[in-house]
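Positions are given from 1, in the same order as the sequence printed here.
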Amino acid sequence: MKFNVSSKRLYSYASAVSKVINAKNAVTILNSFLLRLDGDQLTLMASDMENSLEARLTVSEPEGGGSYCIDARRLVDLLKEMPEQGITVEIHEDTLSVDITYPNGNYNLVAVGGSEYPMPKRFEQEEEGMLKFDIPAENIIRGIDNTFFAVSGDTLRPMMTGILCDIKDNGLIFVATDTRKLVRFIDRNVHPEQTGSFILPSKSAQVFKTAFAKEGDVNVTATSKGVVFESESYTFNSVLIKGNFPPYDRVIPTNHPYSLTIDRQLLLNAVRRVGGFVSANHGLIKMSISTEMLTLRAIDNNFCLSAREAIPCSFSGSDMTIGFSAPYLLEILNIISTPEVVIQLSDPSRPGVFTPTEDKENTELLMLLMPMTVTD
(Lines give C-alpha, C1' and ligand atoms only; values in the text may rest on other atoms or scores of the structure.)
Protein backbone atom coordinates (compact mmCIF):
# COMPACT_ATOMS: atom_id res chain seq x y z
CA MET A 1 0.00 0.00 0.00
CA LYS A 2 1.54 3.26 -1.17
CA PHE A 3 0.35 6.78 -1.99
CA ASN A 4 1.40 10.41 -2.20
CA VAL A 5 -0.45 13.23 -0.45
CA SER A 6 0.02 16.80 0.78
CA SER A 7 1.29 16.78 4.37
CA LYS A 8 -0.98 19.61 5.56
CA ARG A 9 -4.02 18.19 3.79
CA LEU A 10 -3.49 14.83 5.47
CA TYR A 11 -2.92 16.63 8.79
CA SER A 12 -6.21 18.55 8.59
CA TYR A 13 -8.18 15.33 8.14
CA ALA A 14 -6.17 13.32 10.67
CA SER A 15 -6.46 16.05 13.30
CA ALA A 16 -10.24 16.23 12.90
CA VAL A 17 -10.71 12.46 13.03
CA SER A 18 -8.49 12.14 16.11
CA LYS A 19 -11.03 14.13 18.19
CA VAL A 20 -13.15 10.98 18.47
CA ILE A 21 -10.39 9.08 20.27
CA ASN A 22 -10.62 9.04 24.06
CA ALA A 23 -7.67 10.16 26.16
CA LYS A 24 -7.64 6.71 27.77
CA ASN A 25 -8.85 3.54 26.06
CA ALA A 26 -9.31 0.11 27.58
CA VAL A 27 -8.48 -1.39 24.18
CA THR A 28 -5.06 -0.19 23.00
CA ILE A 29 -5.81 -0.40 19.29
CA LEU A 30 -8.47 2.30 19.71
CA ASN A 31 -5.54 4.73 20.03
CA SER A 32 -4.99 4.16 16.31
CA PHE A 33 -6.37 5.33 13.00
CA LEU A 34 -7.71 2.75 10.59
CA LEU A 35 -6.33 3.65 7.15
CA ARG A 36 -7.99 2.09 4.12
CA LEU A 37 -6.88 2.62 0.50
CA ASP A 38 -9.25 1.77 -2.34
CA GLY A 39 -8.01 3.06 -5.67
CA ASP A 40 -7.16 6.72 -5.15
CA GLN A 41 -9.55 7.05 -2.18
CA LEU A 42 -7.95 7.05 1.27
CA THR A 43 -10.23 6.66 4.28
CA LEU A 44 -9.14 7.52 7.81
CA MET A 45 -11.36 6.31 10.61
CA ALA A 46 -11.26 6.53 14.39
CA SER A 47 -13.68 5.20 16.98
CA ASP A 48 -14.31 5.03 20.70
CA MET A 49 -16.63 2.03 20.23
CA GLU A 50 -19.69 4.27 20.53
CA ASN A 51 -18.90 6.99 18.01
CA SER A 52 -16.94 6.78 14.79
CA LEU A 53 -15.70 9.40 12.35
CA GLU A 54 -14.50 8.72 8.81
CA ALA A 55 -12.67 11.15 6.55
CA ARG A 56 -12.29 10.58 2.82
CA LEU A 57 -9.64 12.20 0.65
CA THR A 58 -8.16 11.65 -2.78
CA VAL A 59 -4.46 10.73 -3.01
CA SER A 60 -2.09 10.54 -5.97
CA GLU A 61 0.02 7.71 -7.39
CA PRO A 62 -1.74 4.97 -5.37
CA GLU A 63 -0.29 1.48 -5.39
CA GLY A 64 -1.94 -1.58 -3.87
CA GLY A 65 -4.58 -1.29 -1.21
CA GLY A 66 -5.79 -2.78 2.04
CA SER A 67 -6.38 -1.51 5.57
CA TYR A 68 -3.91 -0.90 8.39
CA CYS A 69 -3.85 0.71 11.83
CA ILE A 70 -1.35 3.46 12.70
CA ASP A 71 -0.84 5.16 16.07
CA ALA A 72 -2.98 8.30 15.84
CA ARG A 73 -1.15 10.60 18.26
CA ARG A 74 2.25 9.94 16.73
CA LEU A 75 0.97 10.50 13.18
CA VAL A 76 -0.86 13.72 14.06
CA ASP A 77 2.11 15.10 16.00
CA LEU A 78 4.45 14.36 13.10
CA LEU A 79 2.18 15.94 10.48
CA LYS A 80 1.59 18.99 12.68
CA GLU A 81 5.29 19.86 12.74
CA MET A 82 5.92 18.99 9.09
CA PRO A 83 6.08 21.85 6.56
CA GLU A 84 3.67 21.90 3.64
CA GLN A 85 5.00 19.50 1.01
CA GLY A 86 4.20 16.28 -0.77
CA ILE A 87 4.91 13.12 1.24
CA THR A 88 4.95 9.45 0.36
CA VAL A 89 3.34 6.95 2.71
CA GLU A 90 4.19 3.28 2.18
CA ILE A 91 3.04 0.38 4.34
CA HIS A 92 4.76 -2.94 3.71
CA GLU A 93 2.34 -5.84 3.88
CA ASP A 94 4.93 -8.43 4.94
CA THR A 95 6.67 -6.50 7.74
CA LEU A 96 3.89 -3.98 8.61
CA SER A 97 6.52 -1.25 8.66
CA VAL A 98 5.39 2.26 7.68
CA ASP A 99 7.68 4.62 5.76
CA ILE A 100 6.77 8.31 5.55
CA THR A 101 9.25 10.05 3.28
CA TYR A 102 9.86 13.37 1.60
CA PRO A 103 13.03 14.88 0.04
CA ASN A 104 14.58 15.94 3.35
CA GLY A 105 13.32 13.31 5.76
CA ASN A 106 12.28 9.76 6.45
CA TYR A 107 10.16 8.47 9.35
CA ASN A 108 9.42 4.88 10.25
CA LEU A 109 6.43 3.58 12.21
CA VAL A 110 4.86 0.20 12.80
CA ALA A 111 1.35 -0.70 11.65
CA VAL A 112 -1.15 -3.32 12.74
CA GLY A 113 -3.38 -5.26 10.39
CA GLY A 114 -6.71 -3.58 9.84
CA SER A 115 -8.62 -6.78 10.55
CA GLU A 116 -7.77 -6.39 14.25
CA TYR A 117 -9.55 -3.03 14.53
CA PRO A 118 -12.89 -3.44 16.33
CA MET A 119 -15.47 -2.00 13.95
CA PRO A 120 -18.14 0.10 15.67
CA LYS A 121 -21.79 -0.72 15.24
CA ARG A 122 -23.60 1.06 12.45
CA PHE A 123 -26.97 2.48 13.27
CA GLU A 124 -29.66 0.70 11.36
CA GLN A 125 -32.01 3.04 9.59
CA GLU A 126 -35.48 2.58 10.98
CA GLU A 127 -38.30 3.63 8.71
CA GLU A 128 -40.69 4.39 11.55
CA GLY A 129 -39.80 7.56 13.41
CA MET A 130 -36.62 8.14 11.40
CA LEU A 131 -35.59 11.74 10.75
CA LYS A 132 -33.75 12.53 7.54
CA PHE A 133 -32.97 15.96 6.14
CA ASP A 134 -30.22 18.09 4.64
CA ILE A 135 -28.82 21.17 6.34
CA PRO A 136 -25.75 23.39 5.88
CA ALA A 137 -23.04 22.44 8.38
CA GLU A 138 -22.67 26.08 9.43
CA ASN A 139 -26.26 26.10 10.72
CA ILE A 140 -25.58 23.19 13.06
CA ILE A 141 -22.30 24.73 14.19
CA ARG A 142 -24.07 28.03 14.89
CA GLY A 143 -26.57 26.19 17.07
CA ILE A 144 -23.75 24.43 18.94
CA ASP A 145 -21.82 27.68 19.44
CA ASN A 146 -24.84 29.40 20.96
CA THR A 147 -25.84 26.62 23.35
CA PHE A 148 -22.77 24.58 24.32
CA PHE A 149 -21.85 26.75 27.33
CA ALA A 150 -25.12 25.81 29.06
CA VAL A 151 -24.66 22.02 28.83
CA SER A 152 -24.68 20.35 32.24
CA GLY A 153 -21.78 18.30 33.55
CA ASP A 154 -23.97 16.44 36.05
CA THR A 155 -23.91 12.79 35.01
CA LEU A 156 -26.78 12.07 37.41
CA ARG A 157 -28.94 13.97 34.94
CA PRO A 158 -27.70 12.54 31.64
CA MET A 159 -30.46 14.16 29.56
CA MET A 160 -28.92 17.57 30.37
CA THR A 161 -25.36 16.60 29.39
CA GLY A 162 -26.09 17.20 25.72
CA ILE A 163 -27.76 19.61 23.32
CA LEU A 164 -31.40 19.07 22.40
CA CYS A 165 -32.01 19.30 18.65
CA ASP A 166 -35.74 19.90 18.34
CA ILE A 167 -36.74 19.57 14.69
CA LYS A 168 -39.82 21.43 13.51
CA ASP A 169 -41.44 21.69 10.08
CA ASN A 170 -40.17 25.22 9.60
CA GLY A 171 -36.99 25.34 11.62
CA LEU A 172 -34.53 23.84 14.05
CA ILE A 173 -34.35 24.58 17.78
CA PHE A 174 -31.18 24.02 19.84
CA VAL A 175 -31.57 23.95 23.63
CA ALA A 176 -29.18 23.34 26.53
CA THR A 177 -29.59 23.75 30.28
CA ASP A 178 -27.91 22.89 33.58
CA THR A 179 -30.90 24.07 35.69
CA ARG A 180 -29.10 27.32 36.61
CA LYS A 181 -29.08 28.65 33.07
CA LEU A 182 -30.92 27.77 29.88
CA VAL A 183 -30.36 28.81 26.29
CA ARG A 184 -32.69 28.38 23.33
CA PHE A 185 -31.56 29.15 19.79
CA ILE A 186 -34.12 28.99 16.97
CA ASP A 187 -32.94 28.79 13.35
CA ARG A 188 -35.68 29.29 10.78
CA ASN A 189 -33.29 29.36 7.83
CA VAL A 190 -33.77 25.60 7.40
CA HIS A 191 -37.02 23.75 6.76
CA PRO A 192 -36.74 20.02 7.58
CA GLU A 193 -40.48 19.59 6.88
CA GLN A 194 -40.73 16.94 9.59
CA THR A 195 -40.85 16.86 13.36
CA GLY A 196 -38.86 15.03 16.00
CA SER A 197 -35.98 15.52 18.38
CA PHE A 198 -32.76 14.00 19.68
CA ILE A 199 -30.16 14.85 22.34
CA LEU A 200 -26.63 15.15 20.96
CA PRO A 201 -23.88 14.39 23.54
CA SER A 202 -21.46 17.21 24.28
CA LYS A 203 -18.48 15.23 22.95
CA SER A 204 -20.29 14.61 19.67
CA ALA A 205 -21.10 18.30 19.38
CA GLN A 206 -17.42 19.19 19.73
CA VAL A 207 -16.36 16.53 17.22
CA PHE A 208 -18.92 17.76 14.70
CA LYS A 209 -17.82 21.37 15.09
CA THR A 210 -14.18 20.45 14.44
CA ALA A 211 -14.69 18.06 11.53
CA PHE A 212 -17.47 19.81 9.62
CA ALA A 213 -16.28 23.41 10.01
CA LYS A 214 -15.40 23.73 6.31
CA GLU A 215 -18.07 21.43 4.92
CA GLY A 216 -21.13 22.43 2.92
CA ASP A 217 -24.43 20.59 3.15
CA VAL A 218 -24.75 17.73 5.64
CA ASN A 219 -27.22 14.88 5.40
CA VAL A 220 -28.64 14.10 8.85
CA THR A 221 -30.20 10.72 9.59
CA ALA A 222 -31.45 10.21 13.14
CA THR A 223 -32.97 7.07 14.62
CA SER A 224 -33.84 6.08 18.16
CA LYS A 225 -30.30 4.74 18.68
CA GLY A 226 -28.02 7.22 16.96
CA VAL A 227 -27.50 9.92 14.39
CA VAL A 228 -25.38 9.94 11.24
CA PHE A 229 -23.97 13.17 9.79
CA GLU A 230 -22.61 12.77 6.27
CA SER A 231 -20.95 15.33 4.04
CA GLU A 232 -18.72 15.12 1.01
CA SER A 233 -15.62 14.42 3.09
CA TYR A 234 -16.85 13.03 6.43
CA THR A 235 -19.23 10.48 7.90
CA PHE A 236 -19.86 10.78 11.62
CA ASN A 237 -21.82 8.13 13.53
CA SER A 238 -22.80 9.28 17.01
CA VAL A 239 -24.76 7.71 19.81
CA LEU A 240 -27.56 9.77 21.31
CA ILE A 241 -28.50 10.42 24.93
CA LYS A 242 -31.54 8.40 25.88
CA GLY A 243 -34.41 9.91 27.81
CA ASN A 244 -36.65 12.94 27.63
CA PHE A 245 -35.22 16.44 27.71
CA PRO A 246 -36.89 18.74 30.26
CA PRO A 247 -39.84 20.72 28.82
CA TYR A 248 -37.87 23.88 28.20
CA ASP A 249 -40.78 26.05 27.05
CA ARG A 250 -42.45 25.71 30.45
CA VAL A 251 -39.60 27.36 32.34
CA ILE A 252 -39.23 30.37 30.03
CA PRO A 253 -41.25 33.22 31.59
CA THR A 254 -44.01 34.60 29.42
CA ASN A 255 -44.62 37.61 31.64
CA HIS A 256 -41.60 39.81 32.34
CA PRO A 257 -42.89 43.39 32.61
CA TYR A 258 -39.58 45.18 33.23
CA SER A 259 -36.89 45.67 30.62
CA LEU A 260 -33.26 46.66 31.13
CA THR A 261 -31.26 47.77 28.09
CA ILE A 262 -27.53 48.29 28.51
CA ASP A 263 -24.32 48.47 26.51
CA ARG A 264 -23.08 44.88 26.30
CA GLN A 265 -19.36 45.67 26.29
CA LEU A 266 -19.64 48.07 29.22
CA LEU A 267 -21.52 45.46 31.24
CA LEU A 268 -19.14 42.69 30.22
CA ASN A 269 -16.06 44.66 31.27
CA ALA A 270 -17.68 45.73 34.55
CA VAL A 271 -18.64 42.14 35.41
CA ARG A 272 -15.07 41.04 34.68
CA ARG A 273 -13.67 43.66 37.07
CA VAL A 274 -16.23 43.30 39.84
CA GLY A 275 -16.24 39.51 39.38
CA GLY A 276 -12.67 39.42 40.63
CA PHE A 277 -13.95 40.38 44.09
CA VAL A 278 -16.78 37.86 44.49
CA SER A 279 -16.69 35.11 47.07
CA ALA A 280 -15.37 31.84 45.68
CA ASN A 281 -18.21 30.03 47.48
CA HIS A 282 -21.01 31.48 45.38
CA GLY A 283 -19.69 34.07 42.88
CA LEU A 284 -22.56 36.44 43.62
CA ILE A 285 -22.79 39.87 41.99
CA LYS A 286 -25.54 42.15 43.31
CA MET A 287 -27.16 44.29 40.63
CA SER A 288 -28.98 47.38 41.89
CA ILE A 289 -31.07 48.77 39.04
CA SER A 290 -32.61 52.22 38.78
CA THR A 291 -34.12 54.05 35.83
CA GLU A 292 -30.80 55.25 34.41
CA MET A 293 -28.09 53.43 36.37
CA LEU A 294 -26.97 49.87 37.07
CA THR A 295 -24.71 49.38 40.09
CA LEU A 296 -22.71 46.17 40.48
CA ARG A 297 -21.46 45.09 43.90
CA ALA A 298 -19.41 42.16 45.15
CA ILE A 299 -18.14 41.24 48.61
CA ASP A 300 -15.75 38.54 49.78
CA ASN A 301 -15.85 38.58 53.58
CA ASN A 302 -13.23 35.83 53.84
CA PHE A 303 -10.55 38.16 52.46
CA CYS A 304 -12.15 41.53 53.33
CA LEU A 305 -12.63 42.39 49.66
CA SER A 306 -15.33 44.51 48.07
CA ALA A 307 -16.05 46.13 44.72
CA ARG A 308 -18.60 48.55 43.34
CA GLU A 309 -19.09 49.94 39.86
CA ALA A 310 -21.94 51.90 38.24
CA ILE A 311 -22.74 52.04 34.53
CA PRO A 312 -25.54 53.81 32.65
CA CYS A 313 -28.59 51.87 31.52
CA SER A 314 -32.23 52.23 30.56
CA PHE A 315 -34.71 50.48 32.87
CA SER A 316 -38.50 50.53 32.51
CA GLY A 317 -39.41 49.30 36.01
CA SER A 318 -39.18 50.35 39.64
CA ASP A 319 -35.84 50.19 41.48
CA MET A 320 -34.77 46.59 41.97
CA THR A 321 -31.87 44.60 43.42
CA ILE A 322 -31.20 41.15 41.99
CA GLY A 323 -28.25 38.78 42.23
CA PHE A 324 -26.59 36.69 39.53
CA SER A 325 -23.54 34.44 39.31
CA ALA A 326 -20.58 36.35 37.85
CA PRO A 327 -19.21 33.39 35.81
CA TYR A 328 -22.65 32.72 34.32
CA LEU A 329 -23.11 36.37 33.43
CA LEU A 330 -19.78 36.34 31.61
CA GLU A 331 -20.76 33.25 29.62
CA ILE A 332 -24.03 34.81 28.51
CA LEU A 333 -22.57 38.20 27.63
CA ASN A 334 -19.82 36.56 25.58
CA ILE A 335 -22.39 34.72 23.45
CA ILE A 336 -24.49 37.79 22.62
CA SER A 337 -22.92 39.75 19.76
CA THR A 338 -25.08 42.89 19.51
CA PRO A 339 -23.81 46.24 20.88
CA GLU A 340 -26.56 46.24 23.51
CA VAL A 341 -28.23 43.50 25.53
CA VAL A 342 -31.79 43.40 26.83
CA ILE A 343 -32.48 41.83 30.25
CA GLN A 344 -36.16 41.19 30.93
CA LEU A 345 -37.11 40.95 34.61
CA SER A 346 -40.19 40.53 36.79
CA ASP A 347 -38.91 40.36 40.38
CA PRO A 348 -35.68 39.40 42.23
CA SER A 349 -36.81 35.80 42.74
CA ARG A 350 -37.67 35.11 39.09
CA PRO A 351 -35.17 34.29 36.32
CA GLY A 352 -33.79 36.99 34.07
CA VAL A 353 -34.20 36.58 30.32
CA PHE A 354 -31.25 37.82 28.25
CA THR A 355 -31.66 38.59 24.55
CA PRO A 356 -29.78 40.57 21.90
CA THR A 357 -31.39 43.85 20.86
CA GLU A 358 -31.73 42.45 17.35
CA ASP A 359 -31.52 38.83 16.20
CA LYS A 360 -29.83 37.80 12.99
CA GLU A 361 -32.14 37.09 10.09
CA ASN A 362 -34.56 34.21 10.73
CA THR A 363 -32.96 33.35 14.08
CA GLU A 364 -33.93 33.90 17.70
CA LEU A 365 -31.60 33.68 20.69
CA LEU A 366 -32.89 33.62 24.26
CA MET A 367 -30.95 32.90 27.45
CA LEU A 368 -32.42 32.43 30.89
CA LEU A 369 -30.45 32.81 34.12
CA MET A 370 -31.74 31.92 37.57
CA PRO A 371 -31.10 34.59 40.20
CA MET A 372 -29.22 34.10 43.46
CA THR A 373 -30.46 35.03 46.92
CA VAL A 374 -29.44 38.55 47.88
CA THR A 375 -29.08 39.48 51.55
CA ASP A 376 -28.16 42.90 52.89
Side-chain angles (χ1 to χ4, degrees), residues 145-150 176-185 251-360 363-376:
D145 285 341
N146 280 298
T147 56
F148 190 82
F149 76 95
T177 182
D178 63 359
T179 72
R180 294 292 303 171
K181 55 187 181 291
L182 178 146
V183 57
R184 183 191 67 188
F185 177 73
V251 301
I252 298 175
T254 56
N255 181 26
H256 26 64
Y258 308 131
S259 179
L260 167 67
T261 303
I262 191 167
D263 184 285
R264 185 192 68 87
Q265 195 62 51
L266 281 180
L267 179 57
L268 177 62
N269 291 339
V271 172
R272 284 173 175 161
R273 289 188 290 267
V274 177
F277 290 78
V278 300
S279 170
N281 296 330
H282 47 69
L284 170 67
I285 281 185
K286 297 179 182 179
M287 300 172 62
S288 299
I289 313 167
S290 62
T291 305
E292 298 181 348
M293 194 66 64
L294 169 65
T295 303
L296 306 177
R297 291 185 175 87
I299 298 175
D300 185 351
N301 291 322
N302 293 327
F303 295 95
C304 298
L305 301 176
S306 66
R308 176 189 175 278
E309 184 163 340
I311 49 179
C313 71
S314 174
F315 185 52
S316 64
S318 303
D319 291 3
M320 177 189 301
T321 298
I322 189 169
F324 289 115
S325 163
Y328 292 167
L329 278 173
L330 290 175
E331 289 177 330
I332 288 175
L333 294 172
N334 277 313
I335 292 295
I336 294 175
S337 58
T338 52
E340 293 183 319
V341 59
V342 177
I343 308 174
Q344 296 170 319
L345 303 165
S346 54
D347 65 65
S349 64
R350 302 292 300 277
V353 176
F354 294 70
T355 60
T357 50
E358 184 179 359
D359 285 301
K360 295 181 180 179
T363 67
E364 182 182 328
L365 176 63
L366 178 149
M367 288 173 280
L368 179 150
L369 182 58
M370 295 298 294
M372 302 179 70
T373 302
V374 175
T375 57
D376 293 332

Do Arg272 and Leu268 come close enough that some side-chain heavy atom pair is under 4.5 Å?
-> yes

If you measure from CG on Leu369 to CD1 on Ile343, what distance do you get to the nearest 0.5 Å?
-> 9.0 Å

With side chains defined as the heavy atoms from C-beta onward, is the minimum distance between Ser346 and Asn255 less than 4.5 Å?
-> no

Can you list the residues that meet the side chain to side chain donor-acceptor pair (under 3.5 Å) rule with Asp359, with sequence neighbours excluded?
-> none

Decide yes or no for Pro371 and Pro348: does some side-chain heavy atom of the first lie under 4.5 Å from some side-chain heavy atom of the second?
-> no

Can you measure from CD (Glu358) to CD (Glu340) and round to the nearest 0.5 angstrom?
-> 11.5 Å

Of the non-hydrogen atoms in Leu368 and Ile252, which two are nearest, and what is the gap between them?
-> CD1-CA, 3.9 Å

Between the CD atom in Gln344 and the OH atom in Tyr258, the distance rounded to the nearest 0.5 Å is 13.5 Å

Please list, chain by chain and in numerical order, all residues satisfying salt bridge (Lys or Arg N to Asp or Glu O under 4.0 Å) with Arg264, sequence neighbours excluded.
-> none

Go through the structure and list residues passing salt bridge (Lys or Arg N to Asp or Glu O under 4.0 Å) with Asp178, not counting sequence neighbours.
-> Lys181

Heavy-atom nearest pair, Ile262 first then Pro312, reads CG1-O, 3.5 Å

If you measure from OG1 on Thr291 to CG on Asp319, what distance do you get to the nearest 0.5 Å?
-> 6.0 Å

Rounded to the nearest 0.5 Å, what separation is found between the CE atom of Met287 and the CE atom of Met372?
-> 13.0 Å

For the student: nearest non-hydrogen atoms of Leu365 and Met367, plus distance = CD2-CE, 3.9 Å

More than 12 heavy atoms of other groups within 6.0 Å of Phe149 CZ | yes

Do Leu260 and Ile289 pass the side-chain contact (heavy atoms from CB on, under 4.5 Å) test, and can you show the C-alpha distance, the side-chain angles, and the key distance before you say yes or no?
-> CA-CA 8 Å; Leu260 167 67; Ile289 313 167; 4.0 Å; yes

Check whether any side-chain heavy atom of Phe315 lies under 4.5 Å from a side-chain heavy atom of Leu345, and answer yes or no.
-> yes

Salt bridge (Lys or Arg N to Asp or Glu O under 4.0 Å) partners for Asp145, two or more places apart = Lys209

Shortest non-hydrogen contact from Val278 toward Gly283 | CG2-CA, 3.6 Å

Qualifying residues under ring-ring contact (aromatic ring centres under 6.0 Å, His included), relative to Phe354, sequence neighbours excluded | Phe324

Any side-chain heavy-atom pair from Cys313 and Leu267 closer than 4.5 angstrom?
-> no

When you look at CZ of Phe277, are more than 12 heavy atoms from neighbouring residues, nucleotides or ligands closer to it than 6.0 Å?
-> no

Taking all atoms of both residues into account, what is the closest heavy-atom pair of Asp347 and Ile322, and its distance?
-> O-CD1, 4.1 Å

Roughly how far apart are Leu182 CG and Leu366 CG, rounded to 0.5 Å?
-> 8.0 Å

Quick one: side-chain hydrogen bond (donor to acceptor under 3.5 Å, both in side chains) pairs with a partner in residues 305-317, sequence neighbours left out?
-> Arg273-Glu309

Over all heavy atoms of both residues, which pair between Ala326 and Ile285 is shortest? Give the atoms and the distance, please.
-> CB-CD1, 3.6 Å

